[in-house]
Amino acid sequence: MLDAKFVRAEPEKVRQGMIYKNADPALLDEFLLLDEKRRSLLVQVEQLKAERNTRSEEIARMKREKKDATAEIERMREVSQRIKQLDAELDEIERSLNSVLMNIPNLPHETTPLCKDESGNQILRYEGEQRKFDFEPAPHWELAAALDIIDFERGSKIAGSGFVLYKGLGAKLERALINWMLDVHTQEHGYTEVFPPFLVNRRAMTGTGQLPKFEFDMYHTDKDDDLFLDPTAEVPVTNIYMDEILDAKDLPIYLTAYTACFRREAGAAGKETRGLLRVHQFDKVELVKFCTPETSYDEHEKLLADAEDILRRLKLPYRVVLLCSGDISFAAAKCYDLELYAPGVDKWLEVSSCSNFEAFQARRANIRYRPEPGAKPEFVHTLNASGVALPRLVVSLLENYQREDGTVEVPEVLRPYVGTDLIS
RNA sequence: GGAGAGGUGGCUGAGUGGUCGAAAGCGGUCGCCUGCUAAGCGAUUGUACGGUGAUAAAGCCGUACCCCGGGUUCGAAUCCCGGCCUCUCCGCCA
């Protein structure tokens, strides 16, 4: 969330940012009104409480001196009643205030293009060679079915549409990609591997910004547990340091994690979701960084490079897109997308979002650091990138590495992990 | 799942209704001392919110916070209820 003091001091900046992020600025007006109310009520309650405290001391003194305090106690009863009333009112206002603030998005960074829809996205560059085919490239679902490495029908049978059963070398390819990506990030990019819970509680989900706005997008266990399935490893990993004060000398912290990711993707169906393009459960290797505000935009560029490195080593054609204000997520200030080309479906597929959240998540999750010993704690900046998401990577890989006979070559870097150079 | 113990400041740990934002120690910061290091001496040392200060800072004032949420009471770290978490023992289980 945004800093309430900042919102109060610079409402017009907030309003502009909200408009460009397609948020309703009425929320801002509501905030300002409630904030005003809260402060005037707070002053009243605190005065009464100050009175209660001094009179309470007085009563204690009288009792010690064995004097009769009945009259004083009688008057205190009224004061306490009044406090109880005002406290209840205040509590309600604070609840609404908080809920309003939680629904105000992060503001776009100055380098994020301002535009209300995706037409403002900027394709920064194309990388890698587009393969020239001398035959018609098949879509991945045909390749996978013929090779018997992915069984879409049986996945649906046991869980529902959007759930995939990998089989044989398909399963092994999935595992190989996960292991290889983790190895690259830990051994060459300086990340520490973590393996977090796949379910998280409401607090964690709120910390990274998925809640309260997007509850409907997530799988949720019953009311007794009130747990959510990770939609991305960003959630458990970013919240590792929830309510902690980190030491400045430990920053930046680089973490990488594999998790399965679960998304309801409600309402999505049809052509865009065929095969592996959009599924309810998928694997992903995630990169998460915690750093100081001064370094976060440098770290953001490095993060992008780390994610890109995966695609480069696999020798797949991709492009880098700078997202505009209207297309970046609720919690992000700036975001690059990496899109892989898939010749079988002839599409650019998003396989990574590389975002800087600045202090937005840290403020919600209460993740701070002490710039130097004795100094006041400040909020860290958090960043994350997919490094990368598997299904669409597999799509691009199968479709780019296919041969005319329907077999698929294994990219060189993966051969030690898959144990073969050809899927046939 | 059953039985028990417990959750207090950055950490350890005292505190069973008013004089407690909380003893003591450790750690941190500043100063002194010391040829260096270690030790020693003195002082200081939580956070949030609000008021005032010029909706700058310092300062000053106030309120809240002893796991969380309720309750009892004129008054709660302390008593009562619910929840969460940790530990020990038993049971169950991969």
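Order of the sequence lines sets the chain letters (A, B, ...), proteins ahead of strands, with each chain counted from 1.
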Nearest-Å distance for atom pair CZ/P, residues A:Arg64 and B:rG17: 15 Å
P spacing across the pair B:rA5 / B:rG9, given as an integer number of angstrom: 22 Å
Residues in side chain to side chain donor-acceptor pair (under 3.5 Å) contact with A:Asn22, at least two apart in sequence or another chain: none
Under 3.5 Å on both distances, the Watson-Crick or G-U partner of B:rA94: none
Exceeds 12 heavy-atom contacts within 6.0 angstrom, atom CD of A:Glu92: no
Assigned partner base of B:rU78, Watson-Crick or wobble definition, under 3.5 Å: none
Flag, side chain of A:Thr295 to backbone of A:Cys291, donor-acceptor distance under 3.5 Å: no
Gap between atoms CE and P, on A:Met62 and B:rG18 respectively (whole Å): 18 Å
Rounded distance in Å between the P positions of B:rC90 and B:rG46: 45 Å
P atoms of B:rG17 and B:rA76, separation to the nearest Å: 14 Å
Pairs meeting criterion salt bridge (Lys or Arg N to Asp or Glu O under 4.0 Å) with involvement of residues 175-188 of chain A, two or more places apart: A:Glu188-A:Arg313
A:Arg264 to A:Phe216 six-membered ring, cation-pi geometry met (6.0 Å, 45°): yes
Residues, nucleotides or ligands: over 12 heavy atoms within 6.0 Å of A:Glu118 CD: no
P spacing across the pair B:rC87 / B:rG31, given as an integer number of angstrom: 43 Å
Nucleotide B:rU19, atom P - distance to CD of A:Glu65 in whole Å: 15 Å
Value in whole Å for how far the P atom of B:rC49 lies from CG of A:Leu41: 18 Å
Counter-base of B:rC60, judged by Watson-Crick or G-U geometry with both distances under 3.5 Å: B:rG51
Length of the CG-C1' vector between A:Asp243 and B:rC85, whole Å: 13 Å
Any residue meeting side chain to side chain donor-acceptor pair (under 3.5 Å) with A:Glu350, in chain and number order, not counting sequence neighbours: A:Ser353
Between B:rC85 (C1') and A:Arg202 (CZ): distance, integer Å: 19 Å
Nucleotide paired to B:rU37 in any strand shown, Watson-Crick or G-U, under 3.5 Å: none
Short N-O contact, A:Glu46 and A:Lys49, less than 4.0 angstrom: no
Nucleotide-resolved protein contact map, nucleotides 50-67 of chain B, B/S/- at heavy-atom distance under 4.0 Å: SS----------BBS---
Phosphate OP1/OP2 of B:rU73 contacted by A:Ser80 side-chain N/O (<4.0 Å): no
A:Asp87 CG to B:rC49 C1', straight-line distance once rounded to whole Å: 13 Å
Atom CZ of A:Arg415: over 12 foreign heavy atoms under 6.0 Å: yes
Short heteroatom pairs, N/O only, protein and nucleotides 7-10 of chain B, under 3.5 Å:
none

Base partner of B:rC87, which must satisfy Watson-Crick or wobble distances under 3.5 Å: B:rG4
Atom-to-atom span, CD1 of A:Ile59 to P of B:rG18 - whole angstrom: 14 Å
Pairwise C1' distance, B:rC20 and B:rA24 [rounded to whole Å]: 15 Å
For A:Pro139, all residues meeting side chain to side chain contact (heavy atoms under 4.5 Å, CB included), sequence neighbours excluded: A:Trp141, A:Glu142, A:Val345, A:Glu399
Pairing nucleotide - B:rG27, Watson-Crick or G-U, each distance under 3.5 Å: B:rU45
